[in-house]
Trainee: 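Below: one structure in structure tokens.
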Amino acid sequence: MKRIYLDYAATTPTHPDVVEAMLPYFSDSFGNPSSIYSYGQEAKGAVEKAREQVAALIGARDDEVVFTSGGTEADNSAIQGVALADPERNHIITSATEHHAVIETCRFLERRGFKVTYLPVDKEGLINPDDVRNTITEKTCLVSIMHANNEIGTIQPIKELAVIARGAGVLIHTDAVQTAGQIPVNVDDLGVDLLSISAHKLYGPKGVGALYIRKGTKLVPFMHGGGQERNRRGSTENVPGIVGFGKATEIARNVIAGEIERQTQLRNHLISGILEQIDGVRLNGHPTNRLPNNVNVSVDYVEGESMLLNLDLENICASTGSACSSSSLEASHVLLALGLTHEQAHSSLRFTVGKWTTDEDIDRVSEVLPRVVARLRAMSPLLKSHK
Amino acid sequence: MKRIYLDYAATTPTHPDVVEAMLPYFSDSFGNPSSIYSYGQEAKGAVEKAREQVAALIGARDDEVVFTSGGTEADNSAIQGVALADPERNHIITSATEHHAVIETCRFLERRGFKVTYLPVDKEGLINPDDVRNTITEKTCLVSIMHANNEIGTIQPIKELAVIARGAGVLIHTDAVQTAGQIPVNVDDLGVDLLSISAHKLYGPKGVGALYIRKGTKLVPFMHGGGQERNRRGSTENVPGIVGFGKATEIARNVIAGEIERQTQLRNHLISGILEQIDGVRLNGHPTNRLPNNVNVSVDYVEGESMLLNLDLENICASTGSACSSSSLEASHVLLALGLTHEQAHSSLRFTVGKWTTDEDIDRVSEVLPRVVARLRAMSPLLKSHK
Amino acid sequence: MPDIQSLYSEKVMDHFRNPRNVGEIENPDGTGHVGNPICGDIMELYIKVNGNIITDAKFKTFGCGAAIATSSMVTEMVIGKTIDEALEISNKTVAEALGGLPAAKMHCSVLAEDALRSAIDDYHSKQKKQSKTKAKAKKK
Amino acid sequence: MPDIQSLYSEKVMDHFRNPRNVGEIENPDGTGHVGNPICGDIMELYIKVNGNIITDAKFKTFGCGAAIATSSMVTEMVIGKTIDEALEISNKTVAEALGGLPAAKMHCSVLAEDALRSAIDDYHSKQKKQSKTKAKAKKK
Ligand SMILES: Cc1ncc(COP(=O)(O)O)c(C=O)c1O
Ligand SMILES: Cc1ncc(COP(=O)(O)O)c(C=O)c1O
């Protein structure tokens, strides 16, 4: 039976054209881009071409794009890079629903003496721009708010936040890992100084990402080493990975408009299928300011992992904000920040559609999920009435 | 004409078997290892197998190996991780000939209030163990000395240094990027607490590396994010890269003994060829405590990059410690640390042999290089007598 | 082909797919309620006891695959045992009977042990009350 | 096939492979010595001048590909020019004549300009000395 993959927000299969673009750079044009002889120059040329491709996706200049090992490194370097650049300012504003790469970096900085404000979100996951305005002080060096949330798909009003931050002379970073390649992302439109991307979320390879750094932004490097990336990131460039990333962004640019429409339909179809067929279900996140590929629901009385496992047995891959799926025991900080109870957070399921999702896939989920839920509700101690 | 690649220390072509091992993990078993459903578990299994393979190469336990984005990240995490772990100790001992990944990390820490001692080396590149003994204070948290130098190939007496460091209750890290897979590396034999490796130096892919962390070593994480790598390194695992790294270490284990012998012969053959046919040449580095693959010479009166370019036109790839090959203008800090003059440092050439180097390749270099040198000496203003 | 087995043993998956003894017992002799919503695992265990022998056990569980499988397993293990024998069941014996659990899931087996102990405690306290009631009844 | 051209233009590579005017001039009218060993580039430029026209130029260079090519190019550019015309040659015109240089190598073209100016300065100071000598000779 065909496996139905509905976890594109976790990672995407690398596009076959991307793999093909990468292949020559493993064993043939394998040079170190820092070398001046032929092999090195071939590799360097390939890296620079990829830089143009990535820059084009986000409307940046080539020299504003620094390659990293992924979204996490991009987030770490942006936040630490700004924090350490100005010894006079030690306050960072972020939100309660950021990715761990941002939150944990902030917590690290707190342990090193920085002050961090974690702004709350409303019950649909939105930041209130006034909160940013009201918490900025003269000590604030950075506002870091994600473009769209990886769990619930809520899209933040970055443009508005950027106006506030930059109006107050504060740098603004956005984690666009879930949006680049999925919805239009343009650094000038958004008005941000720093922006993180990850290749494996847009059909590129794992282990590659980029940080956009607006020209003129003062940043202390994160990865200290050789003078690669114009002295902004040491380490031998992951040439095949970078080439693949470039190719993936090029493909994304070509298909994005059509995919937004197609995925939005699939998403809406799945949401209505679930809400119509199962009672006691709520949609998490914003109803409209939401990524085209994201469905996140809480299914009353049923724990997330047990649903995932049952779905997996039916060859459907999804994800959950329930603690039991990870090594921590806490339910998703994102769902709790929306004001969900622990039960509701543990009862969540996330489906994220993508390039290879079909109508039939969605139909199948709408058919299987009610069965799974009924089965698990029958053994739920939270549902006395169903005895 | 066949290209002769003699820059294996800069990077290696990825072994075709390694590429083959990686391929299934791009578009087929592409899952996120953190996911509990099937795709995720396939990916996780592959990562854990690779961890065993890497651990086996260096005689470590699986759970002492943390995957990174390369040698640079391994060095950064080891040094910063120790430095930040103990607020009572703020002194680091390293050497003047370390890789930039170590030196620049130390300089960064100096700017943040740490004290760093950069030990000198003798004219063959060796650390004097007494210098380590004499500079350790109660404030010292780490000794970080590379296993073998990437430019001159000198192998340091790490075992002896480890006894001194650990005897004084100080952690010891070694950058084994140039030795893992090239000569025997065993963490217990060496007696180190931390050890860095990079895949692309041993026929694995670029953009992957590992940090060995001896069980019980207190380390502050470097890359903050999700709980990957048992909470020691955030970011979605670079599954294909890690799988390739594992495969490369497995191959290395199988061939290392034979390769050491074969490469040592090639190396000696090349050294004697050069020294016999060209006057005014000195071998840099240690005559015997030297990597099997490394030849580094200074050729009086001739600048390195101009030799490289001429060699490249003859399809021979090598490298140089001359500034002109990089964006900095300074000659190699390693060669200067040996006591070479700036002219000598700018006159250096490095040939590093590898898996696919043949006797014919070496013969061809011995034939071409004298011609190139003669040609360039004829235009050298430093060589008045040749007028 | 799903290979979720690489996360959970075949035995765990068997108990997860076909959990034994799901449900509640009307007028149970002992009930255990354990877990809390913060951790995401809640378990109810019901036992029927006849002359010191556990003759029936049923469970209801809100929790992950391991929680459901350990619940199922523990009911299977206790049925037919004396109370004293049942008290010898530990989280380890449940996990072992399931062919092992991933490290991150061992807390689920602790939950099963707790549920069992709590049901037995409940049985004991009910017994005490009953004998007191009987004693009182006798006195009267 | 080497594509080192992607680092250097064809013109640079041509001048690097076949440098023009390598060597020294016996009894030059002007000599320029520039560069220093720390940066790794040392250049010597010799000129022969006849009635304000540079009739010959030769160079010797210790340096990278760009340094050699700019040396070669600058000698080619000055031969046949008047001193004043030669002084109009800047590092940019040399780099342009070579079809451009990588950013990291622009300092080499500065070296070529410096060498030329220094050779012309040397020529001027020699001229002054000569005219003084001549003047002295006249007085006597
Ligand atoms: C919003 C967001 N930020 C950051 C990351 C981290 O990216 P990576 O896994 O490439 O380190 C992810 C995904 O894991 C993400 O969804
Ligand atoms: C000794 C040494 N350490 C560290 C590194 C850095 O490794 P990577 O390029 O994988 O970051 C290198 C090579 O570049 C090296 O030779």
Side-chain angles (χ1 to χ4, degrees), chain A residues 3 5 7 10-16 19 23 26-28 30-32 34-39 69-73 75-76 84 99-101 104-105 107-108 198 200 205-208 223-227 234-241 305 308-309 311-312 317-319 325-328, chain B residues 3 5 7 10-16 19 23 26-28 30-32 34-39 69-73 75-76 99-101 104-105 107-108 112 198 200 205-208 223-227 234-241 305 308-309 311-312 317-319 325-328:
Chain A
R3 274 204 238 174
Y5 184 72
D7 203 11
T11 193
T12 59
T14 307
H15 195 295
V19 179
L23 280 178
F26 285 111
S27 315
D28 297 329
F30 65 87
N32 187 323
S34 302
S35 307
I36 65 150
Y37 47 71
S38 323
Y39 283 106
S69 66
T72 300
E73 187 187 324
D75 287 341
N76 274 260
L84 302 185
H99 189 267
H100 287 293
E104 293 303 319
T105 300
R107 295 225 184 280
F108 166 73
S198 180
H200 75 97
K206 294 179 176 60
V208 199
M223 192 78 79
H224 306 283
S235 197
T236 304
E237 296 86 341
N238 174 355
V239 182
E305 192 204 286
L308 276 200
L309 267 185
L311 289 171
D312 188 74
C317 300
S319 112
S325 68
S326 68
S327 40
S328 100
Chain B
R3 273 206 239 173
Y5 185 73
D7 203 11
T11 193
T12 60
T14 308
H15 195 295
V19 178
L23 280 178
F26 286 109
S27 315
D28 297 331
F30 65 85
N32 187 323
S34 301
S35 308
I36 65 150
Y37 48 70
S38 322
Y39 283 106
S69 66
T72 300
E73 188 186 324
D75 287 341
N76 274 260
H99 189 267
H100 287 291
E104 293 303 319
T105 301
R107 296 225 184 279
F108 166 73
R112 309 220 50 89
S198 180
H200 75 97
K206 295 179 176 60
V208 199
M223 192 78 79
H224 306 282
S235 197
T236 305
E237 297 86 341
N238 175 356
V239 180
E305 193 206 284
L308 277 201
L309 267 186
L311 288 171
D312 188 73
C317 300
S319 111
S325 69
S326 69
S327 41
S328 100

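Side chains are part of it too, since the values below use all heavy atoms of this structure and drop only hydrogens, waters and symmetry mates. Quick note on labels: first sequence line is chain A, next is B, and so on, each numbered from 1. Bear in mind that the values here come from a model prediction, so they are computed numbers and not experimental data.
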Trainee: Side chains of M223(B) and E73(A): closer than 4.5 Å at any heavy-atom pair?
Mentor: yes

Trainee: Measure the shortest side-chain to side-chain distance between S69(B) and V208(B) over non-hydrogen atoms and say whether it is less than 4.5 angstrom.
Mentor: no

Trainee: So which of S198(A), P16(A), G31(A) has the largest heavy-atom pair count under 4.5 angstrom toward chain B?
Mentor: G31(A)

Trainee: Non-hydrogen atoms of chain B under 4.5 Å away: do they reach the side chain of V19(A), the backbone, both or neither?
Mentor: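 The side chain, not the backbone.
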
Trainee: State whether the side chain of N32(B) and the backbone N or O of A10(A) hold a donor-acceptor pair below 3.5 Å, judged by distance alone.
Mentor: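 Pair found, side chain donor or acceptor close to backbone of A10(A).
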
Trainee: Could you look at N76(A) and say if it's the side chain, the backbone, both or neither that has a heavy atom under 4.5 Å from chain B?
Mentor: side chain

Trainee: How long is the span from the CG atom in L311(B) to the OG atom in S319(B), to the nearest 0.5 Å?
Mentor: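 Going from CG on L311(B) over to OG on S319(B), the span is 11.0 Å.
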
Trainee: If you count heavy-atom pairs under 4.5 Å between each of R107(B), R112(B), H99(B) and chain A, which one has the most?
Mentor: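 Of the candidates given, the most pairs with chain A belong to R112(B).
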
Trainee: Side chain of S27(B), backbone of H15(A): donor and acceptor closer than 3.5 Å?
Mentor: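 Side chain of S27(B) to backbone of H15(A), a donor-acceptor pair under 3.5 Å: no, none is there.
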
Trainee: Out of T11(B), D75(B), V239(B), return the one with the most heavy atom pairs under 4.5 angstrom to chain A.
Mentor: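 Sorted descending by pairs with chain A, the first entry is T11(B).
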
Trainee: Would the distance check show the side chain of K206(A) and the main-chain N or O of F30(B) forming a donor-acceptor pair, the cut-off being under 3.5 Å?
Mentor: yes

Trainee: Taking G234(B), G241(B), G70(B) one by one, which has the highest count of heavy-atom pairs under 4.5 Å against chain A?
Mentor: G234(B)

Trainee: Answer with side chain, backbone, both or neither: which region of T12(A) has an atom nearer than 4.5 Å to a non-hydrogen atom of chain B?
Mentor: backbone

